[in-house]
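Note that the coordinates shown come from a computational prediction; the quantities given were computed from them, not determined experimentally.
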Amino acid sequence: MLGAQKNQLIAHLQVRGLDLRKAELDFYMSRFTMSGGLASIMTCLSYVGIIKIRIPHEMLPPNFAWQVALFYISTCITMSLSMYNLVVTSF
């Protein structure tokens, strides 16, 4: 009788452990999904920023401004890192 109760207790603890592992896996999967969604939005916004932004005539190449270079550098870095995040979280 005591051995049966012990086996039942061990089985119950194993089931609870599996439930805990499943909850932890679901938590991390939801975080990866959320991170992938945000990365895809950031990639899209960076791409639109690169192709749609019009540079004012005062800042075009003869009168080059550091703001234009900084904009393109930061946009390209943002797009690269968000695409990397998207690939890592998707596959």
Asks: With rounding to the nearest 0.5 angstrom, report the CH2 to CZ distance, W66 to F71.
Replies: 13.5 Å

Asks: Quick check: closest heavy atoms across I50 and Y72, and the distance to 0.1 Å?
Replies: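 Here I50 and Y72 meet closest at O-CE2, 4.1 Å.
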
Asks: Give a yes or no on whether L25 and F32 share a hydrophobic cluster (residues Ile, Leu, Val, Met, Phe, Trp, Tyr; joining criterion: side-chain heavy atoms under 4.5 Å apart).
Replies: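 No: no chain of side-chain contacts under 4.5 Å links L25 to F32.
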
Asks: Give a yes or no on whether M83 atom CE has more than 12 heavy-atom contacts from other residues, nucleotides or ligands under 6.0 Å away.
Replies: no

Asks: With rounding to the nearest 0.5 Å, note down the distance linking CG in L45 to NZ in K52.
Replies: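 If we round to the nearest 0.5 Å, L45:CG and K52:NZ are 13.5 Å apart.
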
Asks: Please identify which of these residues, L86, V87, V88, meets the side chain to side chain contact (heavy atoms under 4.5 Å, CB included) condition with Y84.
Replies: V88

Asks: Measure the spacing between CZ of R16 and CG of L13 and express it to the nearest 0.5 Å.
Replies: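 That separation rounds to 9.0 Å.
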
Asks: Using side chain to side chain contact (heavy atoms under 4.5 Å, CB included) as the criterion, point out the one residue from K22, E24, M29 that pairs with D26.
Replies: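 With D26 as partner, side chain to side chain contact (heavy atoms under 4.5 Å, CB included) holds for just one option, K22.
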
Asks: Should T75 and S46 be marked as a side chain to side chain donor-acceptor pair (under 3.5 Å) after you check the CA-CA gap, both sets of side-chain angles, and the distance that decides it?
Replies: CA-CA 6 Å; T75 306; S46 298; over 6 Å; no

Asks: Going by distance alone, is a donor N or O of one side chain under 3.5 Å from an acceptor N or O of the other, for S35 and T89?
Replies: no

Asks: Going from CE on M34 to CG on L38, what distance comes out if it is rounded to the nearest 0.5 angstrom?
Replies: 7.5 Å

Asks: Looking at every non-hydrogen atom in both residues, tell me the closest pair between S82 and A39 and how far apart they are.
Replies: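 Closest pair (atom of S82, atom of A39, distance): O-CB, 3.4 Å.
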
Asks: Name all residues meeting the side-chain hydrogen bond (donor to acceptor under 3.5 Å, both in side chains) criterion together with K6; count only those two or more places apart in sequence or in a different chain, and write none if there are none.
Replies: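 By the side-chain hydrogen bond (donor to acceptor under 3.5 Å, both in side chains) rule, K6 matches no residue at all.
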
Asks: Which value, rounded to the nearest 0.5 Å, describes the distance between C76 atom SG and Y47 atom OH?
Replies: 12.0 Å

Asks: Measure the CG-OG distance between N85 and S80 for me, rounded to the nearest 0.5 Å.
Replies: 12.5 Å

